[in-house]
Each structure stands twice: as C-alpha cells, then as structure tokens.
Number of protein chains: 4
Amino acid sequence: MTDTPRTRADDRTEAIRRTTLELAQEIGYAKLSIEGVAARAGVGKHTIYRRWPSKGALFLDAVLSPQQPDLDYPDTGDVMADLRTQIHHAVDLLGRPPFGPLFQSLIGEAQHNPAVAAELNERFAKPQEAKTVARLTKAREQGQLAPEFDLDLAMSILTGPLFFTLMVTQEPVTHEYVDRVLEALFAGMRPRP
Amino acid sequence: MTDTPRTRADDRTEAIRRTTLELAQEIGYAKLSIEGVAARAGVGKHTIYRRWPSKGALFLDAVLSPQQPDLDYPDTGDVMADLRTQIHHAVDLLGRPPFGPLFQSLIGEAQHNPAVAAELNERFAKPQEAKTVARLTKAREQGQLAPEFDLDLAMSILTGPLFFTLMVTQEPVTHEYVDRVLEALFAGMRPRP
Amino acid sequence: MTDTPRTRADDRTEAIRRTTLELAQEIGYAKLSIEGVAARAGVGKHTIYRRWPSKGALFLDAVLSPQQPDLDYPDTGDVMADLRTQIHHAVDLLGRPPFGPLFQSLIGEAQHNPAVAAELNERFAKPQEAKTVARLTKAREQGQLAPEFDLDLAMSILTGPLFFTLMVTQEPVTHEYVDRVLEALFAGMRPRP
Amino acid sequence: MTDTPRTRADDRTEAIRRTTLELAQEIGYAKLSIEGVAARAGVGKHTIYRRWPSKGALFLDAVLSPQQPDLDYPDTGDVMADLRTQIHHAVDLLGRPPFGPLFQSLIGEAQHNPAVAAELNERFAKPQEAKTVARLTKAREQGQLAPEFDLDLAMSILTGPLFFTLMVTQEPVTHEYVDRVLEALFAGMRPRP
DNA sequence: TATTAAACGAGACGGTACGTCGCGTCTTGGT
DNA sequence: ACCAAGACGCGACGTACCGTCTCGTTTAATA
C-alpha cells in the first residue's frame, strides 16, 4: 500500500507545468516567457530555474509529462489495419489542437536547442520507435511483412512522411491521406511483374 | 543586351544577406540578432527592417537566396539510380556544414513563424516537389515505376524519412542509410507472393 | 511703386513657418520634429534645413516672425499708467494661449541653445528694451521718474518679476498682480521718512 | 541611536545621481542621455527608469539633491546688507560654473516639462521664498522696510531681475550690477519729493 | 523657344537614443 | 530554511528623428 507522498515540491512542479501549458496554448510558444509563467503561477522565477535549465526544457517537460501521449498499438492480428489505426491516432493527436501546435513548437525548439532535441528523442521518439518495432517484429514473424524488411528504418519510413507534411509543407493531414501513404509504402514503388 | 543595373539598394540588400549568413554560421541562428547584423554590415537597423519583417524572414532569405541549392535531378534513364544520386546530393547539402545547420534552424523557425513556413514552402519545398514529380512522371511513363504509384505522395515518401532523421532523431545520415531507405521504399513492406 | 514679388521660395518659407506654429500648438514644442513639420507642410526635409539650422531656430523664427508682437508703449503723459497698460498687454500676450506656451518653450529652448538665445535677444529682448528705455527717458525728463533712476536696469526691474513668475513659479499672472508689483517698484522698499 | 542603514538601493541611487551630474557637466544637458548615464554608472537602464520617469526628472534630482544649495540669509541686523550678501551668494552659485549651467538647463527643461517645473518649485523656489519672506518680515518689524511693503512679491521683485538677466539676456551678472539693482529697488522709481 | 541649372518632394541611409521586455542571477523580507 | 517578489546588469527589441545623401521632377532663368 505505497501511497505517493506528494510533497510540496511536487505540487509546485506540477503547478508550473500546468501553467506553462495553459500559457503556451493562449499565446503560443514564441511569446511564452519564464517571467510570464512565474507570474501566472504565483511562483518566484528562481523556483522555475531550480527545476529546469531553460524555457525549452520547461516547455518540453510540460508538454510530455501530463500523459505519455496514447500512441500505443492495437493488435488485431492484421498489421496493416493496426498500423492504420495507430497512425490515425497519431495524426489526430499531433496534427490538431490543442496538442498539435504544442508539439510543432516543441520540434521547432529542438532544432535550436540540442538539449531539448536529446530529451525529445529520449522521451518521445525512442519509446515510440520501440513500440513500433515490437509490433512490426511480431507482424514479420507472422508473415505479414516482407521478411527482409529493415526494421531499423521503420520509424523513418512510417512516420517520416507524416512529419514532413506536418512540419515542412504544413498542410492539414487527413486520415485519407495517411491511408494513401500507407498503401504506397506497403505496395512499394517498383512495378509489379 | 540587358545589363543588370545593380542599384545601390540591391548592393545593400546583398551585403545584409551575406552578413547574416556569416554571422549565423559563426554564432548560430539562436544568437543571431538584427542588431548584430546591422552592426557587422555597417548598416542602420531600419535599413534591415525596411526589407524584412523579422529575423526569421531575413534569415530565410539569406539562406535561400544565394543559390537555388543545386538539387536538380540527373536523368540517366535509370530512375532508381537517379533518385539515389539526387538524394545523396540532398543529404550532403542539407545534412552537413555549412548549409546543414542553417537549414535545420530554418525549419525550426518555420515551426514558430507561419510567414517563414509559407515562404519556405514557396521557395524551397514546392519547386523541389515539382522537379521530383517531373522526374517520376517520366519514369512512370517508361514503366520504371508502378503505374498506380501516387505522385502526390512523392515528396512525403521520398523526402519524409530523410527529414525525420535529420530533425527528430538528429542522427547523422549516411549515403548507405539513404540507400537502405530507398530500397525499402521501392520494394514495399508487403511480403512478395 | 515697389511691389513685393513674393517668390515661390518666400511662399514656401512662410508655409513652413505656419505649419511649425500649427504643429507646435497642437503637440507642443517638445514633441515637435522637423520630420513632422516637413510631412505636414508637404515639403522635403532638405527644404527646411536649407533655411534653418535647427529645430530651435525654426521654431524661434516661426514664433517671432508673424508679427512683431505688439508690445509698444502708449504715451498718455502718465508714465506709471502707460507702463501699467503696456505690461498688461505683455502679460496678456506672453502669459496666455496661444502665444504664451510658445513663448515659454522658446525661452526654455534658449537655455540649451546659445544660437537661439542670441537671436531671441536680438529680435525680442533688445527691441523691447529700446522701447522701454525710450519711454522711461521721456518720463524722466518730465520729472515723473527719480532723476537718478538707472535706465540700464529698466528691463530687469520692470520685466524680471514678470518673467520670474511666468517661468519659475509658473503661476498665472493677473493684472492685479502686475499692478501690485508696479506699485512696489515705484514706491521702493525703503521706509519713507 | 539611529544609524542610517544605507541600503544597496540607496547607494545605487546616489551613484546614478553622481554620474548624471558628472556627465552633464562634461557634455551638457542637451547631449545627456539616460543610456549614457546608465553606461557610465555601470547600471541597467531599467534601474534608472525605476527611479525617475524622465531625463528631466533625473537631472533635476541630481542637481538639487547633493546639497540644498547654501542660500541662507545672514542676519547682521542690517537687512539691506544681508540681502546684498545673500544675492551675491546666489549670483555666485547660479551664475557661474559648475552650478550655473546646470541650473540654467534645469530651468530650461522646466519650460517643457510641467512635472519638472512643479518639482523645481517645490524643492527650490518655495523653500527659498520662505527664507526670504522670513528675513524680510523680521526687517519690517524692525522698521528697516516700508511697513506696507508687499511680502508676497518679495521673490519676484528681488530675484526676478536676476533671473531675467541670467536667462533672457544671458549677460554675465556681477556683484556691482546686483548692487545697482538692489539700490534701485530700495529707492523706488518714483521721484523723491 | 529650348536648354540648363537650381530647387524641390520624396524618402533611403548610418546613426543615436528611446522606452520596453525578458534573460538568468542576486537580495530581501515574510511565513 | 525556503520561497514570492522583484531588483539588478545586460542585451536586444522595434520605433522615432537626426542630419546627410541620392533620386527623378518641376520650375525659372539663360542662351
């Protein structure tokens, strides 16, 4: 019966994260400031700097802490269908408010700040990759995937197109679009004999 | 016999762009400031603000102006080989100093600044897509591509994995890695009958 | 039959002076700018700089040109009454809008700008002093003034108190107040035997 | 046993005042800038703006703080002699470097800035007037002054001429000139019977 | 009358300073 | 002893004018 003792420090940490998210959603990451978060949270700036080294780190923690965003894989036995379902979820979460813009800013920040990039990788990309690889491994064992398919490339190939659209062309991504991408990836570009 | 009249204004614009690139390479985009560019270029701040609305816009223009980065497609008749060559070039340009870090920052900035995102699209993504689609169209006509292959997806599928690696996982991208991705894309994930 | 030929240059000069006065009355001397005058007058900045070396000089000219402010002395034969009348006029002109604030700013500017001070002296103070001395000389000859009264001091003594009130204490100056000052100056501080 | 605790804030305030005076004496009030004071004092601009609302207010405080300029009245029993002495002191202080130019600029600034005018009055003109009136009251009681002499006018009449000369004609003021003015004020302009 | 030089409007330009904002560090005072 | 509150040095922001400097375009006086 171990209850989590919820220290005062924990409460404050949580409050700061919550305020950060609120503010970021209201005014955007670019206009977010530690000064503003401290004021809104009723907290001294020192209390923030004691916990996070930079605005980027605070933001990343605020965005990734609340929930490990639910991007787990279903397993219905049909890998193509499961991938489809999962990527639809991903698109819904990452491509739409309220989470979408936060996530977009987070990746933007990672381009300027290596520490943020590293932590983003550790806390988001790698776990996600692990899940993907696990699901694909199973699929391959069941013969639903080409046996020579290179699992190291899984994330790049499956998620890369999605990110490209979200971040470079910045067009809205629909389920239908995702389906077309998935279909193309499965079929391959090479003409069938 | 059209001579380019090279007005004084043009010269200054060029000088500012050049200085911006220099400074960005020395200290990085994050520490770049309009004040700093103005000082180094021996130019009043207003002269910069008269031309570009923000640091991001200036930086984008400085990065994209010098040369339309040479990412044209060769055409040897073998589309797979040509794609390989072109993507190798892209990786060499976008993934390595001096251009790589600049480009990375540029995409990062686009996540915070819609105007930069739009111009990045207009001046970089769309022209590149047009070239890619043109090359693939030809290949499809010659039967080197599955006839049902969806060309609208071309950029996402071909370039997406590359961007994902450069920007999310931020691992170095080798020619060998690109080759494996390309091979997978061509073959498809589906097991061969 | 000399008509004044009113060249275009003269017209422009006049237009700039007029605009300067207008603007000064609207926004105050402190916020007045040559840039603003040029824009309002529909005139290039050069055209102003060609005529006046500084904002102060322009302002002085604009304030003092329109009319030699009518501060002439009446001569009814009674010097005390005439001084009274004249100083009432002076107070009405210098102590009240629209001219009062302009004049106040002008003297303020003269404290920072020697050229303005010199011209203010030449065009305002000295002529005024000449008139005063002339009137007092006549009065002394007619025995209405102590024969040993030192005319060099006339301006300081007669006008000084007025300026002090207008510029240092900046209280409103009434005719009644002026009368009391004049009476005191005439009577002297020394007790009568 | 009250010791003055000399907080850090007090020290900084004093340092800024001192620097302001220094700079003003070196380059003049017109070229003085808050930026310059901050740089010289090794202080952030905000630290100045937190204390004074404008360059004028800072300057006034810097000029008037160091010492209540010693313009007290002696009391030898002879009011005429005492006034003479005091006004000589005033002329020496206000009409000569280093204090003279500062004071002149201060009054100039008061013409543009009502807040400065008000504080100048409060901290300089009114206290000075109080002293003058006190001394004259005593003199009147002792019969050295015309019993009907209007003490409300004292400052205007005694100091006005001095200010007029210092600020409008801007001629140097000598002790001898002051003496002549004083003599005239005592005697009055009216011819003796 | 046609030519030409000057004056002109417009406004770009290198500067300086403005007053504001937020950074990350350091003090202070209250609980 | 910790913490909110916020002062502090600093650096950059974006703006406003300064006084100088091209630009074409009138305008008027000369050839």
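Labels below follow one simple rule: chain letters A, B, ... track the order of the sequence lines, proteins then strands, and each chain is numbered from 1.
Distance from the side chain of B/Ile34 is smallest for F/dC13 among the nucleotides F/dG19, E/dG19, F/dC13. Among the nucleotides E/dC13, F/dC18, F/dA12, the one closest to the side chain of B/Arg51 is E/dC13.
Among the protein residues, D/Arg12 comes within range of the sugar-phosphate backbone only, with heavy atoms under 4.0 Å from sugar or phosphate atoms but none that close to a base. Here D/Gly36 lies out of heavy-atom contact (under 4.0 Å) with every strand.
Under 4.0 angstrom from either OP1 or OP2 of F/dG11 there lies no side-chain N or O belonging to B/Ser33. Applying the 4.0 Å criterion to OP1 and OP2 of E/dG9, one finds that C/Thr47 has a side-chain N or O inside that range. For C/Arg40 and E/dG9, the shortest distance from a side-chain N or O to OP1 or OP2 is not below 4.0 Å. Contact check, A/Arg50 against F/dC3: a side-chain N or O comes under 4.0 Å of OP1 or OP2.
Rounded to whole Å, atom P of E/dA12 lies 15 Å from atom CD1 of B/Ile48. For the pair D/Asp10 CG and F/dA7 P, the computed distance is 14 Å after rounding to whole Å. In this structure, the OH atom of C/Tyr49 is 17 Å from the C1' atom of E/dC8, given to the nearest Å. In this structure, CG of B/Asp11 is placed 17 Å from P of E/dA12, rounded to the nearest angstrom. Rounded to whole angstrom, the span from the CD1 atom of C/Ile27 across to the P atom of F/dA16 amounts to 13 Å. Per the geometry, CH2 belonging to C/Trp52 stands 18 Å off C1' belonging to F/dC18, to the nearest Å.
Side-chain atoms of D/His46 stay outside donor-acceptor range of the base of F/dC8, with no qualifying N/O pair under 3.5 Å. For C/Lys45 and E/dG9, a side-chain-to-base donor-acceptor distance below 3.5 Å is absent, hydrogens and geometry of angles not being considered.
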Report task. Please step through side-chain hydrogen bond (donor to acceptor under 3.5 Å, both in side chains) for the pair A/Thr47 and A/Arg12, ending with a clear verdict. Result -> CA-CA 9 Å; A/Thr47 305; A/Arg12 238 174 280 260; over 6 Å; no
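A donor atom on one side chain and an acceptor atom on the other are found under 3.5 Å apart for D/Ser65 and D/Arg123.
Of the residues listed (B/Leu60, B/Leu120, B/Val116), the one engaging B/Glu109 in a side chain to side chain contact (heavy atoms under 4.5 Å, CB included) is B/Val116, and it is the only one.
Salt bridge present: B/Glu26 and B/Arg40 bring a charged side-chain N and a carboxylate O closer than 4.0 Å. Using a 4.0 Å cut-off between charged side-chain N and carboxylate O, B/Arg18 and B/Glu14 make a salt bridge.
Two residues, D/Gly44 and B/Glu35, neighbour DNA chain F, and the one matched to the more 5' nucleotide by heavy-atom proximity is D/Gly44. Checking B/Lys31 against D/Ala41, the closest nucleotide of DNA chain F that is more toward the 5' end is the one next to D/Ala41.
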